[in-house]
Amino acid sequence: MAGPLRFRYSTERWNEGRVRDQLLGPLDERFGARLEQPWFPAPDGYGARRLEMDNGDFALFCWNGQDAYWLGNTETPQALWRTEKYDFSEVPYAVSRWGERELLARLELVDPWLTEYDHLAWFFLPVFLSKDGRDSTRDFFAEHSAGFPDATPDEGLAFFDRALRTGMLDEHRYTMASKLGTSHGLDLGRMAATMGEFTVAKLLHDAGLEFEPEVQLDSGHALDFRVGDHLVEVTRPRPPTRRATGTAIGALRETAGAKNSDQLRAHPDATLFVDCSSFRDDEWAQIRGEKPSLSHEPTVVFRARPDGRVEGYHVGELPFDLDSVEWF
């Protein structure tokens, strides 16, 4: 399975003749391909071309006589197999910006509604146009409203666009965007769980807390966030209608309890966030009415709504103030 889009960096000398022979030639033989001018001016000092494949794949290539950059969602020609990969923040800004302008223009052609939410579209570019994830990730937002069960796609997109527009995750864009996935198939449960991490990031940011996502630990585990000296793990129950456990309280307890045998066993002082945003109103009402006790402390149980409202309760004393949640 191919990963999110990254640039390949070549330190060899390139010119248009070599581009035609070693890039266009193999791709034309494999898929049918043509070499075209880029839609936007190349970075200063660079030549650039766009490669369009008959199967809908594409690639961008720019060179300056000393080095070159490749970006695409098609097979990599053999001439570039030994090149290193770099994300958008690791290449020269002019090259990165040129590539992003080309990609955003392409996304606007195929899914214009998505680019109306410009920061979200920019943030998820590495997966929205990846080789294997381009359909599943866009379908998740278009057909499943980013995981909100009773919202329109526009409401779901607007919620996360507002959150991302704060810049709270820009420094961690590639890591976080990659979590949405690059598989052909749409895994609704996993994708919704990923967006739960974005929602928790929003809660931490709105509370004025500084955080670091995707923390690798000596235990061999990776927890979702570090807030000061405190660790945070996020989980998201599937709604009762999509699991054997037939009640909202059972789904909550089962999902939260599963963490006790994994990350929380190794890091018992971590704070667990349980995102119930996949629950319908009637399912959440059961949680709200009973405020079920849970085996791990501290735990935050919450539900976010597309209009930005977040309500919930906590079990045990939290190690930081979280005034971004309406507690009940």
Side-chain angles (χ1 to χ4, degrees), residues 1-8 10 14 16 19-42 47-63 68-81 83 85-88 91 95-118 120-144 146 153 157 173-174 177-188 190-191:
M1 184 175 69
L5 287 178
R6 287 191 291 177
F7 285 92
R8 284 184 175 272
S10 171
W14 287 84
E16 183 155 359
V19 170
R20 290 184 176 277
D21 291 342
Q22 297 188 14
L23 303 184
L24 176 63
L27 291 171
D28 188 31
E29 184 176 346
R30 179 79 171 88
F31 302 111
R34 62 190 184 276
L35 196 66
E36 298 188 356
Q37 293 289 330
W39 291 332
F40 294 92
R49 292 293 182 270
R50 198 173 80 251
L51 293 98
E52 298 281 354
M53 272 51 75
D54 291 350
N55 67 349
D57 290 355
F58 71 92
L60 303 169
F61 193 71
C62 67
W63 69 94
Y69 293 89
W70 163 277
L71 180 69
N73 62 8
T74 191
E75 286 187 8
T76 304
Q78 187 173 354
L80 297 172
W81 282 359
T83 53
K85 296 179 181 179
Y86 297 93
D87 69 38
F88 289 84
V91 302
V95 173
S96 176
R97 182 60 186 142
W98 169 71
E100 287 178 341
R101 294 180 73 192
E102 292 277 341
L103 297 181
L104 285 167
R106 180 174 294 272
L107 187 61
E108 187 171 14
L109 281 178
V110 296
D111 279 313
W113 58 273
L114 194 54
T115 55
E116 293 177 11
Y117 303 92
D118 53 358
L120 181 143
W122 169 82
F123 192 92
F124 287 108
L125 267 183
V127 293
F128 280 160
L129 290 169
S130 65
K131 180 175 178 59
D132 294 327
R134 50 188 157 183
D135 294 326
S136 59
T137 53
R138 300 196 312 246
D139 285 349
F140 172 68
F141 284 100
E143 304 297 331
H144 299 281
L157 282 160
R173 174 192 180 196
Y174 190 82
S178 299
K179 288 189 171 191
L180 193 58
T182 55
S183 61
H184 281 297
L186 190 148
D187 185 338
L188 181 57
R190 183 188 56 72
M191 289 179 163

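Without hydrogens or angle criteria, R138 side chain to F128 main chain gives a donor-acceptor distance under 3.5 Å. Distance alone, capped at 3.5 Å, places no donor-acceptor pair between the N55 side chain and the F31 backbone. Between the side chain of W14 and the backbone N or O of V19 there is no donor-acceptor pair closer than 3.5 Å. For the pair N73 (side chain) and D132 (backbone), a donor-acceptor distance under 3.5 Å is absent. The main-chain N or O of Y86 is never found under 3.5 Å from a side-chain atom of R6 such that the two would form a donor-acceptor pair. A distance-only check finds a donor-acceptor pair linking the side chain of R8 to the backbone of L80 [under 3.5 Å].
In this structure, R49 and Q37 have side chains that are in contact, with non-hydrogen atoms separated by less than 4.5 Å.
One distance of note links CG of L188 with CG of D139; it measures 11.0 Å at 0.5 Å rounding. Atom CG in L103 sits 6.0 Å away from atom CG in L5 (nearest 0.5 Å). Distance check: W70 CH2 to T83 OG1 gives 9.5 Å after rounding to the nearest 0.5 Å. Atom CG of L24 is separated from atom CZ of R34 by 10.5 Å, given to the nearest 0.5 angstrom.
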Please determine whether ring pair (Phe, Tyr, Trp, His ring centres under 6.0 Å) holds for the pair F141 and Y117, giving the CA-CA distance in whole Å, both sets of side-chain angles, and the decisive distance to 0.1 Å.
CA-CA 11 Å; F141 284 100; Y117 303 92; 9.4 Å; no
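F123 pairs by the ring-ring contact (aromatic ring centres under 6.0 Å, His included) definition with F198, not counting sequence neighbours. For the side-chain hydrogen bond (donor to acceptor under 3.5 Å, both in side chains) test, residues two or more places apart in sequence or in another chain that qualify with R173 are E100. Under the side-chain hydrogen bond (donor to acceptor under 3.5 Å, both in side chains) criterion, D87 pairs with S89, not counting sequence neighbours. F88 is linked by a ring-ring contact (aromatic ring centres under 6.0 Å, His included) to F7, counting only residues two or more places apart in sequence or in another chain. Not counting sequence neighbours, the partners of Y69 by the ring-ring contact (aromatic ring centres under 6.0 Å, His included) test are Y9.
Electrostatic pairing of E102 and R106 does not count as a salt bridge here, judged by no charged N lying under 4.0 Å from a carboxylate O. A salt bridge between R134 and D111 is absent, with no side-chain N of the basic residue lying under 4.0 Å from a carboxylate O of the acidic one.
Sorted by first and then second residue, the pairs that involve residues 21-30 and meet salt bridge (Lys or Arg N to Asp or Glu O under 4.0 Å), not counting sequence neighbours, are R30-E75.
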